[in-house]
There are 2 protein chains.
Amino acid sequence: MKTPLLTYITTYYHNHGRIPRYREMLAATAYKSLSTIKIKTDELVEAGFVERDDTGKLSPGRRLRALPILGSVEAGFPSAAEEELIDTMTLDEFLIQKKEATYILKISGESMTDAGIMPGDMALVERGREAKNGDIVIAEVDRKYTIKYFIKEGGKVYLKAGNKKYKDIYPEEELSIAAVVVSIIRKY
Amino acid sequence: MKTPLLTYITTYYHNHGRIPRYREMLAATAYKSLSTIKIKTDELVEAGFVERDDTGKLSPGRRLRALPILGSVEAGFPSAAEEELIDTMTLDEFLIQKKEATYILKISGESMTDAGIMPGDMALVERGREAKNGDIVIAEVDRKYTIKYFIKEGGKVYLKAGNKKYKDIYPEEELSIAAVVVSIIRKY
DNA sequence: TAGTATATCGAACATTTGTTCGATTTGTCA
DNA sequence: TGACAAATCGAACAAATGTTCGATATACTA
């Protein structure tokens with residue numbers, strides 16, 4: 001029933017999207033005094049899990065929202081001593097630029113496998129963005145949607161599959177770009 | 001200077017990780033009365049942008065955090081009428097199970113291209129998870145880290161590349177699994 | 001065991017914060 | 001222009017919230 005303070009704050013923030021109040025922490029942890037809660041939260045501020053804004057109120061710190069970025073695969077995992085230097089990143093701020101225009105689509109079909117886009121992958125797509133040459137787009141062709149490379153060469157525009165077994169598509173009349181793929185997400 | 005209320009709440013939430021107070025909204029918007037702020041936020045509650053918890057306090061609603069999930073690529077984009085029925089999802093809750101143990105690694109090298117993992121992709125990895133047969137793992141081999149399939153067949157354990165040009169790795173002594181890859185993220 | 005430092009408690013207090021409601025303004029339509 | 005409805009204002013109020021500080025308990029050291 002009684003939870004460590006940091007654990008409680010972390011899970012509460014994940015479930016409710018906000019930092020719990022002092023008295024909520026009081027009820028959920030083993031502590032029985034608000035002054036203890038204050039002391040403990042001050043320590044969590046020091047550690048970077050939470051922050052205090054200009055009015056002194058608690059807001060989530062980076063360590064509550066972000067994931068640590070290590071280097072490349074070769075570089076591997078840093079030692080505990082180096083841990084402090086690690087950069088962090090939230091998935092949202094990394095992947096999403098225009099939130100209102102961003103949607104998630106599930107990939108089916110193998111027309112982009114050579115581009116590393118597999119059936120079952122999730123595509124983050126942004127509507128209304130102008131497609132540039134080489135972009136991967138969701139296009140409407142013959143009233144059906146498809147994912148392809150958008151190619152624009154010397155005034156000529158066509159769709160190119162990322163799989164040699166598929167043919168390029170040359171639009172007969174209009175070519176309707178529904179959205180531009182900004183990110184691919186695969187979950188194992 | 002003066003911002004629409006929803007715009008203000010949205011950007012404030014993105015920057016600070018919490019919903020602004022009524023009086024902060026008052027200062028940032030063109031409204032001059034707290035009662036107007038209350039009326040307007042009640043409308044935003046109706047619309048699903050923010051919610052009220054059991055104590056009546058505002059917390060971010062799903063529409064503030066989540067992205068709409070459309071169906072497959074073929075299904076395409078729903079009409080405005082269907083828009084309300086769409087499922088939503090936050091990237092964090094979709095991708096991250098054990099936040100404390102999750103790190104981001106940048107992929108370099110081409111040893112997994114046939115598995116759709118390209119150089120430059122980001123890998124979400126979880127430390128401490130037990131690798132199962134077929135999992136993609138970050139392994140330490142000869143003091144260097146590498147990304148490979150983890151294969152466990154009849155007591156025999158080895159690492160298999162996801163690219164025919166690379167050879168499998170049979171560990172001579174110990175095989176150290178640093179982390180299990182739980183997700184691949186590619187940003188264009 | 002006595003002494004000291006540290007951690008926690010408990011209650012009072014000062015602000016902050018959301019709510020309410022009557023007054024005022026703005027917009028709409030005939 | 002006048003009448004009505006809707007939107008917004010403004011100030012007072014009640015409840016929630018963070019802070020403070022002396023008292024008490026616990027852990028550690030000599």
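The chains referred to below are lettered A, B, ... by the order of the sequence lines, with proteins before strands, and numbering in each begins at 1.
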Going through the checks in order, is the side-chain contact (heavy atoms from CB on, under 4.5 Å) test met by B:Tyr188 and A:Ile136? CA-CA 9 Å; B:Tyr188 292 107; A:Ile136 297 172; 3.5 Å; yes
In whole angstrom, what separates A:Ile37's CD1 from C:dA11's P? 16 Å
Distance check needed: D:dC9 P versus B:Leu26 CG, whole Å only. 8 Å
So, the side chain of B:Thr102 versus the backbone of B:Gln97: is there a donor-acceptor pair under 3.5 Å, distance only? no
I'd like a table of atom pairs between the protein and nucleotides 16-18 of chain C - only N or O on both sides, under 3.5 Å - with the distance next to each one.
from: C:dT16; atom 1: O3'; to: A:Lys57; atom 2: NZ; distance (Å): 3.1
from: C:dT17; atom 1: OP1; to: A:Lys57; atom 2: NZ; distance (Å): 3.1
from: C:dT17; atom 1: OP1; to: B:Arg21; atom 2: NE; distance (Å): 3.2
from: C:dG18; atom 1: OP2; to: B:Tyr22; atom 2: N; distance (Å): 2.9
from: C:dG18; atom 1: N7; to: B:Arg23; atom 2: NH1; distance (Å): 2.8
from: C:dG18; atom 1: O6; to: B:Arg23; atom 2: NH2; distance (Å): 2.7

Scan the side chains in residues 151-159 of chain A for donor-acceptor partners under 3.5 Å anywhere in the protein, sequence neighbours excluded, and list what turns up.
none

Would you tell me whether B:Ser59 and B:Asp53 have side-chain atoms, one donor and one acceptor, within less than 3.5 Å of each other? no
Every protein N/O within reach of nucleotides 5-8 of chain D N/O, cut-off under 3.5 Å:
from: D:dT8; atom 1: OP2; to: B:Lys40; atom 2: NZ; distance (Å): 3.0

Would you say NZ of B:Lys99 has more than 12 non-hydrogen atoms from neighbouring residues, nucleotides or ligands within 6.0 angstrom? yes
Of all the heavy-atom pairs spanning A:Gly134 and A:Tyr149, show the shortest one and how long it is. O-CD2, 3.5 Å
Flag the pair A:Glu93 and A:Arg62 as a salt bridge only when some basic side-chain nitrogen lies within less than 4.0 angstrom of an acidic carboxylate oxygen. yes
side-chain contact (heavy atoms from CB on, under 4.5 Å) for B:Met25 and B:Ile19? Distances and angles first, verdict last. CA-CA 10 Å; B:Met25 300 181 200; B:Ile19 303 284; 4.1 Å; yes
